[in-house]
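Inspection log for the structure reproduced underneath, given as structure tokens.
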Amino acid sequence: MKKILIVGAGFSGAVIARSLAEVGHKVIVIDSRDHVAGNCHTYRDKKTGIMVHKYGPHIFHTDNETVWEYINRFGEMMPYVNRVKAIAGDRVYSLPINLHTINQFFSKTLNPNDAKAFIASQADKSIDEPKSFEEQALRFVGKPLYEAFFKHYTIKQWGTEPSNLPASILKRLPVRFNYNDNYFNHKHQGMPKNGYTNIVNNILSHENIELKLETVYVEKMKSGFDHIVWSGPLDAYFNHQLGRLGYRTLDFKPFYGTGDVQGNAVINYCDKHVPYTRITEHKHFSPWEEHDESICYREYSRACDKEDIPYYPIRLMNDKERLQQYVDMAEKINGVTFVGRLGTYRYLDMDVTIKEALETSQALLRSFESDTKP
Ligand code: FAD
Ligand code: UDP
């Protein structure tokens, strides 16, 4: 039996804690916040009773059967399809870009084949292998759609020109030549009936797991543990000694309304003159519940200061160099495993986070076994 300290009670920390606890190891999970589930945390708003996604809209989607079974083991998932609207040039469109968006935007009535040919005619074919976000957009959707839907939203979201950002950020979004407006391509998609916090609480509910909230990691906590799993920021583990990795943080400004305020869970604001990126109306994440009132969040993105919650790893060139130096340092330490969105400084969705946490648990168990072999 080993004694393990896990820093962070998000999906990464909780899933690993559970896997280790189930085979008899003793696990202590700490989190600096006063709740579990990290950035996936949900709570019921006191005034309206609506389930709110405190750190931004979270939709569960995956192609991974193991991950889908896992999440369903710890909470009931309700059918949910994310359909986003986007306001650009003060008009409302369907997102991700699909045939409806193309026909609306260009005032046409194209069929799928004609739309494909039309968009291909807009594409910048001089770009062979797009490296940046901007090149990816110009190559695959062309300048007018790029400028309307992506350019200004991305500058607001990331605080830098799209030419400085990797193409991988845009590759998250599909472009479709039919009327399918599902934001995701994955086989499974859903919303937890009782919220993500309930799921993470269920994962952590095991006799071999002790949870300590409002507990910030300090180095002296190490003693007495056989291993540490770190899901906090990688650079924070090393006291930022090589400088800080760049993050964006978010400010959510809530407002109340009655009835249906915007008619959809998420509306993106792609225009430059609107300072926020999107508005989330939380009641639409639980369409099986009835609420007369409504709570919405306006979402603003900005540079992350020392005291702010890190949300999105920026991964610009200087971040990548610094990241490599931290990764080299991390590889030299025995007895600490770095996991998750912050611990590996990657833009990870929940399903990938859970998949990697399950894999890390197996690797840890194998290493514990080889430790105890004579
Ligand atoms: P986190 O959830 O960040 O958990 C890390 C925990 O460590 C935190 O609770 C933190 O308080 C704690 N911690 C850090 N440092 C310390 C310390 N020194 N001492 C103690 N505790 C510490 N994914 C999807 O699949 N679908 C979506 O729709 C989606 N939407 C998103 C929207 C936004 C705005 C954001 C930011 C992310 C979104 N994600 C989405 C990604 C999702 O939030 C992550 O995949 C998930 O939160 C990663 O879990 P984690 O445990 O690795 O990290
Ligand atoms: N994006 C954009 N306009 C939009 C939606 C997205 O420019 O209306 C860009 C933006 O740079 C964003 C990226 O596409 O960071 C990926 O979008 P996604 O919805 O996956 O971001 P998330 O909200 O999940 O972080």
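Whatever order the structure lists ligands and atoms in, that order sets their numbers, starting from 1. On a predicted model such as this, the values are computed, not experimentally measured, just so you know.
- Aromatic ring centres of Tyr196 and His41 lie farther apart than the 6.0 Å criterion allows.
- Close contacts between ligand 1 and Leu250 involve ligand atoms 34 (C) [criterion: under 4.0 Å to a heavy atom].
- Residues passing the side-chain hydrogen bond (donor to acceptor under 3.5 Å, both in side chains) test with Arg346 are Thr344, Glu356, sequence neighbours excluded.
- Ring geometry, Phe150 versus Phe133: the interplanar angle exceeds 60°, so the pair is classed perpendicular (tilted spans 30 to 60°).
- Looking at ligand 1, you'll find an N or O of Tyr217 within less than 3.5 Å of one of its N or O atoms.
- When non-hydrogen atoms are compared, ligand 1 lies under 4.0 Å from the backbone of Asp349 as well as from its side chain.
- Contact annotation: Ile169 has at least one heavy atom less than 4.0 Å from an atom of ligand 2.
- Ring-centre distance between Tyr297 and His282: below the 6.0 Å cut-off.
- Ring centers of Tyr312 and Tyr247: at least 6.0 Å apart, outside the cut-off.
- Listed by chain and number, the residues in a side-chain hydrogen bond (donor to acceptor under 3.5 Å, both in side chains) with Glu289 are Arg44, His291 (sequence neighbours excluded).
- Of the N or O atoms in Ala86, none lie within a sub-3.5 Å distance of an N or O in ligand 2.
- With hydrogens left out, the protein atom closest to atom 5 (C) of ligand 2 is Asn268 ND2, 3.3 Å, a heavy atom.
- Which of His58, His61, Glu356 comes nearest to atom 42 (C) of ligand 1 through a heavy atom is settled by distance: it is His58.
- Taking atom 21 (O) of ligand 2 as the reference point, the nearest protein heavy-atom neighbour is Tyr347 OH, 3.1 Å.
- For His35 and Tyr55, the ring centers are positioned less than 6.0 Å apart.
- Regarding atom 3 (N) of ligand 2, its nearest protein heavy-atom neighbour is Phe149 O, 3.0 Å.
- Ligand-side atoms of ligand 1 in range of Gly8: 6 (C), 7 (O), 12 (C), range being under 4.0 angstrom from any heavy atom.
- For atom 20 (O) of ligand 2, the nearest protein heavy atom (residue, atom name, distance) is Arg172 NE, 2.8 Å.
- The protein non-hydrogen atom at the shortest distance from atom 11 (O) of ligand 1 is Asp31 OD1, 2.7 Å.
- The option from Val29, Asn39, Leu213, Ile30 that lies nearest to atom 1 (P) of ligand 1, judged by heavy atoms, is Asn39.
- Among all non-hydrogen protein atoms, the one lying nearest atom 22 (C) of ligand 1 is Ser32 OG, 3.6 Å.
- The distance between the ring centers of Phe149 and Tyr153 does not fall below 6.0 angstrom.
- Note on ring orientation: taking the six-membered ring where Trp is involved, the planes of His188 and Trp68 are parallel (angle under 30°, cut-offs 30° and 60°).
- Ligand 2 has no N or O atom lying under 3.5 Å from any N or O atom of Lys151, backbone or side chain.
- Counting only non-hydrogen atoms, the option in Ile16, Ile59, Val216, Val352 that gets closest to atom 28 (O) of ligand 1 is Ile59.
- Between His152 and ligand 2 there is no heavy-atom distance shorter than 4.0 Å.
- Distances below 4.0 Å separate heavy atoms of Leu342 from the following atoms of ligand 1: 3 (O).
- Interface of Gly232 with ligand 1, defined as ligand atoms under 4.0 Å from a residue heavy atom, comprises 14 (C), 15 (N).
- At least one N/O-N/O distance between Arg341 and ligand 1 falls below 3.5 Å.
- Look at Arg83 and Asp181 and you find a salt bridge, because one of the NZ, NE, NH1 or NH2 atoms lies within 4.0 Å of a carboxylate O, short of that distance.
- Of the protein's heavy atoms, Thr353 CG2, 3.7 Å lies nearest to atom 49 (O) of ligand 1.
- Checking only distances, Phe133 never comes within under 3.5 Å of ligand 2, N or O to N or O.
- When hydrogens are left out, the protein atom nearest atom 23 (O) of ligand 2 is Arg278 NH1, 3.0 Å; that is the closest non-hydrogen contact.
- Here Arg322 does not pair with Asp235 in a salt bridge; the nearest charged N to carboxylate O distance is not below 4.0 Å.
- Under the 4.0 Å criterion applied to side-chain N and carboxylate O atoms, Glu22 and Arg73 are assigned as salt-bridge partners.
- The contact set between ligand 1 and Pro57, taken as ligand atoms under 4.0 Å from a residue heavy atom, comprises 28 (O), 29 (C), 30 (N), 31 (C), 32 (C).
- Atoms of ligand 1 found under 4.0 Å from any heavy atom of Gly340 (numbered from 1 in listed order, with element): 52 (O).
- For atom 17 (O) of ligand 2, the nearest non-hydrogen atom of the protein is Leu173 CD2, 3.8 Å.
- At the top of the distance list for atom 15 (O) of ligand 2, counting protein heavy atoms only, stands Trp158 NE1, 2.9 Å.
- Proximity annotation for atom 33 (C) of ligand 1: of Tyr247, Tyr237, Tyr312, Phe252, Tyr312 comes nearest, heavy atoms only.
- Scanning Tyr183, Phe184, Tyr312 for the heavy atom closest to atom 18 (P) of ligand 2 points to Tyr183.
- Looking at ligand 2, you'll find an N or O of Thr154 within less than 3.5 Å of one of its N or O atoms.
- Remark: distances from the non-hydrogen atoms of Thr215 to ligand 1 include one below 4.0 Å.
- Under a 3.5 Å cut-off, the side chain of Asp308 and the backbone N or O of Thr249 do not form any donor-acceptor pair.
- When hydrogens are left out, the protein atom nearest atom 5 (C) of ligand 1 is Ser231 O, 3.6 Å; that is the closest non-hydrogen contact.
- The single protein non-hydrogen atom nearest to atom 1 (N) of ligand 2 is Tyr153 CD2, 3.6 Å, given as residue, atom name and distance.
- For atom 47 (O) of ligand 1, the closest non-hydrogen atom on the protein side is Cys40 SG, 3.3 Å.
- Remark: ligand 1 and Val7 share no N or O pair separated by less than 3.5 Å (distance only, no angle test).
- Taking every non-hydrogen atom of Trp230 and a distance limit under 4.0 Å, the qualifying atoms of ligand 1 come out as 18 (N).
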